[in-house]
Participant: 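Below you will find the structure I want to go over with you.
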There are 2 protein chains.
Amino acid sequence: MSDNKNIRIKDIAKMAGVSVGTVDRVIHKRGKVAEDIQKKIEKVLKETGYKPNLLARTLGSNKAVKIAILIPDPDQDEYWALSQAGIDQSLQEWSQYNLELSAHHFDLYDSSSFASIAQSVLDLQPDGVVAAPIFHHESLDFFGQLKKQNIPFVLFNTNLTELNPLSFIGQDLYQSGKVAGELLSYCIEPDDQIAVLHISESIENSVHLKAKESGLRDFVQKDYLVQSHDLNNVDDPNFETEVERILREPELGGVFVSTSKGTHIIASILEQCDLRHIKLVGYDLLAKNLEHLQRGNVNFLINQNPKRMTLVGISHLTNYLLFHKDMPSKELFPLEIITPQNVDSYIQSRIH
Amino acid sequence: MSDNKNIRIKDIAKMAGVSVGTVDRVIHKRGKVAEDIQKKIEKVLKETGYKPNLLARTLGSNKAVKIAILIPDPDQDEYWALSQAGIDQSLQEWSQYNLELSAHHFDLYDSSSFASIAQSVLDLQPDGVVAAPIFHHESLDFFGQLKKQNIPFVLFNTNLTELNPLSFIGQDLYQSGKVAGELLSYCIEPDDQIAVLHISESIENSVHLKAKESGLRDFVQKDYLVQSHDLNNVDDPNFETEVERILREPELGGVFVSTSKGTHIIASILEQCDLRHIKLVGYDLLAKNLEHLQRGNVNFLINQNPKRMTLVGISHLTNYLLFHKDMPSKELFPLEIITPQNVDSYIQSRIH
DNA sequence: ATGAAAGCGCTAACAC
DNA sequence: GTGTTAGCGCTTTCAT
């Protein structure tokens, strides 16, 4: 139990025979300090195990921290509405601090919209950025700019490792596919086949969906035949018949849908076609997915937890900016398995 | 977007034509204030949507908050070691604040030890208490005392609703049993039987274990025969043979073990007896349970998350004491399902 | 390069 | 009852 409870800058100053101003300078490496004094202060700092009072620090430097958050339009997809809910909750949680959070929405179906939003964020000159960089190419420019301007950023949902952000928050997609495979193999019959369905609006996303697929394949391929299908155009008039064709395959025993929106789309087709025997594993606690889970059209959901991703992303950046806390450069969330019987316990839970 | 960002007590005072001292008095209901002035200030407070700066508040009232935490000895049971890990992490998280956390351990196998620990906690005169009240009877006295002395307390793991604590943190045990039933019914055969095994040191605990059991029964009883057994004396020389007798029952297809420690005990017996066909659902991420999960002796674990329970309990009380935040009177944790494929994602996760 | 001193918003002791 | 004021520990500006 270190006894640093009451060591203040003032104490350090006294021990080193200097003034608080000088101590402050060495702590924050700002400004000219004679080398010997510098050494001396650093020594005292170390010996006493000085820990700054973060409350006083933030109170003293009386400036508001501006954080900009970039996500797709929450009205276009419930997944992103959950993310927005995370922003809203953060707003509440940090309301007492001198913190300005602003949310910026871009068009999920129009990658060019990202650029214009990005520009307005740059104009804002925020102290930090939290973003879901779902448009790979368009993102590079923006985050390059941030780097140049020394504005720290945290990424979530989609990782762009080459940008090495302050922190990334997300899940291990490959392992997520393995979990899906594990769950399916619990509920289908030995000779069944498995279909993997990717239903996504953007091609950019497909690389991530493929990661899930290969996880699933690696887990089940010794026991089951797996076929995968890309169905990116939900609005295509042939979409439903195409899906039906796939689902009516007599050998088919299980379906893995790699996106949250795809999950309820496929579930309703299964229901319509009365294909109750086919087991379905999908993603996320969207309202429609929950209904299908209750009705038995979906057997398992894997929770990506967009709300908590957002919450944690903001929280990390805030702690960094406000309290100079450091954070893990990568935080992978647990792969939560949702069933009809445990779903309520997740919904009730404050951070589901 | 309320514009309360810059409203300080000083502003309120000016608007109400009084001094900061008086405003402070009405905010904290401490002391004599003329009724009309009181009303006036309250009105201004409401109209401006005043929100105190919590940083300044804690900094200004320069007093350390003492919190005592009561749990069973972490060395006696790994479950409680996880809880202790939660205490340790809290210590870190709150290290910057003026907070004194002290852990107090009682003997898991000796209910009378609780009383003596409790007494020493009372002598400490803490500002708040966080406790796992596993000894019902002995607890009543202690928490009654706390009530009398107006010391707030938060309970976790085991609820004693009649004490109505500031907050309770735990899980819905009945529903937890249902989840176990759901999982077992995924992996056993139609004509299998299910055994419920309660392996617990204290009789006090049995009422909670029964809650889990009835959840399981309600879920599976239309499809499977269920038999339950209480095996409280692990040290009994007949213990193993008794368990073996139960497990070797030819119709037996699945086992539900209602405690974390029981889980690995039964798992090793299953392994020894080479009863690989029997499926096992148990509790918690104890090291031994994880091993058995990897080796296939355990099929599913339900995570009660003692670490996070403890963490959240402390965090709630701290927020209450330090920042006057309110909290849910009951926080039920999600019923997390752990499998060989998602276990690592839980272990890695900061708060598993 | 260093020190002194005025804040940050709130609390609490003290004076009237 | 009400107002005044000296802190809390740190930051930051302004002299020196």
Side-chain angles (χ1 to χ4, degrees), chain A residues 4-42 44-45 48-65 95-99 127 321-325, chain B residues 4-42 44-45 48-65 95-99 127 321-325:
Chain A
N4 60 3
K5 201 185 348 177
N6 286 320
I7 296 176
R8 289 109 75 238
I9 283 196
K10 199 197 266 186
D11 301 319
I12 303 287
K14 193 172 295 171
M15 293 165 105
V18 295
S19 77
V20 293
T22 309
V23 175
D24 185 72
R25 264 163 222 132
V26 357
I27 288 176
H28 293 293
K29 313 182 202 314
R30 52 171 158 240
K32 284 73 244 295
V33 177
E35 200 168 320
D36 49 335
I37 301 222
Q38 164 108 4
K39 291 254 181 286
K40 180 159 199 182
I41 294 180
E42 274 169 352
V44 178
L45 247 22
T48 55
Y50 169 76
K51 282 204 179 180
N53 181 325
L54 267 25
L55 293 182
R57 175 175 289 177
T58 5
L59 187 61
S61 77
N62 180 40
K63 59 184 170 214
V65 166
S95 67
Q96 57 209 264
Y97 300 91
N98 218 343
L99 191 64
D127 300 295
L321 257 18
L322 230 41
F323 301 126
H324 304 247
K325 280 195 194 172
Chain B
N4 60 5
K5 202 186 343 174
N6 287 320
I7 296 175
R8 291 108 76 234
I9 282 195
K10 199 197 262 188
D11 302 319
I12 303 287
K14 193 173 295 172
M15 293 166 108
V18 294
S19 77
V20 293
T22 309
V23 175
D24 186 70
R25 264 161 222 132
V26 356
I27 288 175
H28 294 292
K29 310 181 204 313
R30 49 169 160 243
K32 281 78 240 297
V33 177
E35 200 168 318
D36 49 335
I37 300 218
Q38 163 107 5
K39 291 253 181 288
K40 180 158 198 181
I41 295 180
E42 275 169 351
V44 178
L45 245 23
T48 55
Y50 169 77
K51 281 203 181 182
N53 180 325
L54 266 26
L55 294 182
R57 175 176 287 176
T58 354
L59 187 60
S61 78
N62 180 40
K63 59 184 172 211
V65 166
S95 67
Q96 58 208 266
Y97 300 92
N98 218 342
L99 191 64
D127 300 295
L321 256 18
L322 230 41
F323 302 125
H324 303 247
K325 280 196 191 169

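These figures come from a predicted structure and were not determined experimentally. Naming convention: chains lettered A, B, ... in sequence-line order (proteins, then strands); numbering from 1 in each chain.
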Participant: What is the separation between atom CD1 on I12(B) and atom P on dC10(C), rounded to the nearest whole Å?
Facilitator: 9 Å
Participant: Touch check for V20(B), heavy atoms < 4.0 angstrom, all strands: base, sugar-phosphate only, or nothing?
Facilitator: base
Participant: With a cut-off of 6.0 Å (strictly less than), are more than 12 heavy atoms of other residues, nucleotides or ligands near NZ of K39(A)?
Facilitator: no
Participant: dG9(D) P sits how many Å from N98(B) CG, rounded?
Facilitator: 8 Å
Participant: Side-chain contact test, heavy atoms from C-beta onward, threshold under 4.5 Å: evaluate it for D24(B) versus R30(B) and give yes or no.
Facilitator: yes
Participant: Which nucleotide in the list dT2(C), dG9(C), dT11(D) gets nearest to the side chain of H28(A)?
Facilitator: dT11(D)
Participant: With a 4.0 Å cutoff (strictly under), does any side-chain N or O of Y50(B) reach OP1 or OP2 of dC10(C)?
Facilitator: yes
Participant: Below 4.5 Å, heavy atoms only, C-beta onward: do V65(B) and T58(B) meet side chain to side chain?
Facilitator: no
Participant: Which is more 5' along DNA chain D, the nucleotide nearest E35(B) or the one nearest R57(A)? Just name the residue.
Facilitator: E35(B)
Participant: Take atom CG of D24(A) and atom P of dG9(D), then tell me their distance rounded to the nearest Å.
Facilitator: 15 Å
Participant: L55(B) has an atom CG; how far is it from atom C1' of dC10(C), in whole Å?
Facilitator: 11 Å
Participant: Atom CD of Q38(A) to atom P of dT2(C): distance rounded to whole Å?
Facilitator: 9 Å
Participant: Does T22(B) have a side-chain nitrogen or oxygen under 4.0 Å from the phosphate oxygens OP1 or OP2 of dG3(D)?
Facilitator: yes
Participant: From dG9(C), dT2(C), dA13(C), pick the nucleotide closest to the side chain of R25(B)?
Facilitator: dA13(C)
Participant: For the side chain of A34(A), starting at C-beta, report the closest nucleotide among dG9(C), dT4(D), dT2(C).
Facilitator: dT2(C)
Participant: Tell me which nucleotide among dC10(D), dA12(C), dC8(D) gets nearest to the side chain of K63(B).
Facilitator: dA12(C)
Participant: Whole angstrom is fine here: how far is it from CZ in R8(A) over to C1' in dC10(D)?
Facilitator: 11 Å
Participant: From K40(A) NZ over to M15(A) CE, what is the distance, rounded to the nearest 0.5 angstrom?
Facilitator: 11.0 Å
Participant: Let's see if you can work this out: which of dC10(C), dA12(C), dC8(C) has an atom nearest to the side-chain heavy atoms of S61(B)?
Facilitator: dA12(C)
Participant: Which of these nucleotides, dC10(D), dG9(C), dG1(D), is closest to any side-chain atom of N62(A)?
Facilitator: dG9(C)
Participant: Around K325(A), counting heavy atoms of other residues, nucleotides and ligands shown, do more than 12 lie under 6.0 Å from its NZ?
Facilitator: yes
Participant: Expressed in angstrom and rounded to an integer, what is the separation of I37(A) atom CD1 from dG3(C) atom P?
Facilitator: 6 Å
Participant: So, does R30(B) get its side chain near the phosphate of dA12(C), meaning an N or O under 4.0 Å from OP1 or OP2?
Facilitator: yes
Participant: Calculate the interatomic distance between K10(B) atom NZ and dT11(C) atom C1'; express it in whole Å.
Facilitator: 15 Å
Participant: Can you tell me which nucleotide in dT11(D), dC10(C), dA12(C) comes closest to the side chain of I9(A)?
Facilitator: dT11(D)
